[in-house]
Amino acid sequence: GALLAQALAGGALLSSLQKGEARVNLQLECDGPLRGLFVDASADGTLRGYVKNPLIDVEGARGEHRWRPALGNSGFLSVLKDLGSAEFYRSSVELGAFDLARDLEAYFTASDQVPTRVALAATRDGAGQLAAVAGALLQALPGGDLDALARLGDRLQGALDEAVGARGVEAAALAREIFSGATFEQVGGTPVRFACTCTREGVLTMLAALGKGELQSILAEQGKAEVTCHFCGERHAVSARELQALIDGAS
């Protein structure tokens with residue numbers, strides 16, 4: 001629902017700060033009925049994600065307790081960066097605001113020590129379906145004016161809400177609204193799209209990692225295997241012959 005949409009926008013913002021083939025995983029764990037969510041984002045704009053309990057799509061009235069009905073009373077927000085060459089970086093913060101934008105700001109403060117303001121917004125249409133979603137992130141450069149960042153940050157969420165409400169979330173127009181007529185230069189852009197990277201080969205590799213004994217149990221008890229991707233819902237069927245081939249190839 002709207003919370004996953006905001007998380008996908010947050011993942012896109014995090015990945016936009018990375019270079020090359022870097023990937024970012026945004027994970028939220030909570031004691032509420034949603035139980036948590038997971039977003040996988042690439043620096044090339046590819047996104048995918050899922051919630052642990054897809055049967056839950058609730059939110060409260062707008063305000064500081066808006067997401068408490070789904071998130072509950074405790075939890076953690078974690079960011080894992082895959083920087084390539086087997087280099088990983090992970091950092092977590094305890095949920096404090098129970099609002100993705102505010103808790104992402106807390107992550108940047110605790111993990112990167114970079115003053116950051118974040119805004120996330122999602123709207124629904126008359127039928128209750130998602131209509132538009134967007135995110136915005138402001139950071140101060142080294143030695144930058146932190147007072148100016150605070151002033152701009154105070155306008156950020158309102159400007160984004162207005163843009164999403166009008167369904168006109170165009171980056172340059174949003175920047176003009178935030179910076180109130182100041183001159184700026186748009187130096188680039190990356191199209192964002194939802195796409196899953198699951199493959200049949202990946203499923204076979206995952207099954208092979210279970211080991212010979214576990215594969216033999218699956219073959220004896222079920223006669224086949226079926227793996228459903230959390231992200232896109234695609235079902236990958238593995239036949240008895242394929243399971244036997246994995247067993248024969250296991251050490």
Side-chain angles (χ1 to χ4, degrees), residues 5-28 39-47 49 64 76-85 87-122 132-164 168-193:
Q6 288 194 14
L8 288 166
L13 293 173
L14 288 166
S15 66
S16 71
L17 301 175
Q18 311 307 311
K19 299 179 180 179
E21 300 298 319
R23 302 188 70 83
V24 173
N25 291 161
L26 176 66
Q27 182 176 10
L28 185 149
V39 168
D40 178 44
S42 174
D44 67 3
T46 303
L47 299 169
E64 62 177 331
F76 288 88
L77 183 68
S78 303
V79 175
L80 173 67
K81 299 177 184 178
D82 179 357
L83 304 179
S85 302
E87 183 181 358
F88 298 90
Y89 175 82
R90 182 183 178 90
S91 182
S92 300
V93 293
E94 188 173 3
L95 295 179
F98 292 86
D99 176 273
L100 278 174
R102 303 288 77 74
D103 285 314
L104 276 172
E105 289 177 351
Y107 157 77
F108 279 106
T109 298
S111 176
D112 295 358
Q113 289 84 50
V114 178
T116 304
R117 297 299 296 269
V118 179
L120 301 169
V133 59
L137 180 149
L138 295 178
Q139 288 187 327
L141 293 172
D145 187 341
L146 297 185
D147 290 335
L149 176 67
R151 291 194 299 271
L152 292 171
D154 289 341
R155 296 205 301 267
L156 188 60
Q157 187 65 58
L160 191 65
D161 285 339
E162 183 176 347
V164 172
V169 193
E170 198 274 323
L174 178 61
R176 286 192 292 270
E177 174 66 23
I178 295 170
F179 293 106
S180 300
T183 58
F184 65 91
E185 180 181 358
Q186 184 173 339
V187 297
T190 301
V192 176
R193 64 190 182 94

Does the side-chain contact (heavy atoms from CB on, under 4.5 Å) test come out yes or no for L95 and L28, once each step is laid out? CA-CA 9 Å; L95 295 179; L28 185 149; 4.2 Å; yes
I'd like to check [X] versus [Y] (side-chain heavy atoms, cut-off strictly below 4.5 Å). Are they in contact?
X    : Y    : answer
V133 : L8   : no
L138 : V118 : no
Q139 : L17  : yes
Y89  : V24  : no
V192 : T46  : no

Between [X] and [Y], which heavy-atom pair has the shortest distance, and what is it?
X    : Y    : result
A41  : L47  : CB-CD2, 3.3 Å
A148 : D145 : N-OD1, 3.1 Å
Y107 : L14  : CE2-CD2, 4.1 Å
G135 : A9   : N-CB, 4.1 Å
L26  : A7   : CD2-O, 3.7 Å
L146 : P115 : CD2-CG, 3.7 Å

Can you name the side-chain hydrogen bond (donor to acceptor under 3.5 Å, both in side chains) partners of S91, sequence neighbours left out? S111
Between OG of S42 and CZ of R23, what distance do you get to the nearest 0.5 Å?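 It is 4.5 Å, given to the nearest 0.5 Å.
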Rounded to the nearest 0.5 Å, how far apart are CG of L156 and CG of L137?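 L156 atom CG to L137 atom CG measures 8.5 Å (nearest 0.5 Å).
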Sub-3.5 Å donor-acceptor pair from the side chain of [X] to the main-chain atoms of [Y], do we have one?
X    : Y    : answer
R117 : Q157 : no
N25  : V79  : no
D112 : F108 : no
T116 : V114 : yes
S15  : G11  : yes

Output, in order, the C-alpha distance, side-chain angles, deciding distance and verdict of side-chain contact (heavy atoms from CB on, under 4.5 Å) for D99 and L120. CA-CA 9 Å; D99 176 273; L120 301 169; over 6 Å; no
Is any side-chain N of the basic residue among R90 and D82 closer than 4.0 Å to the acidic one's carboxylate O? no
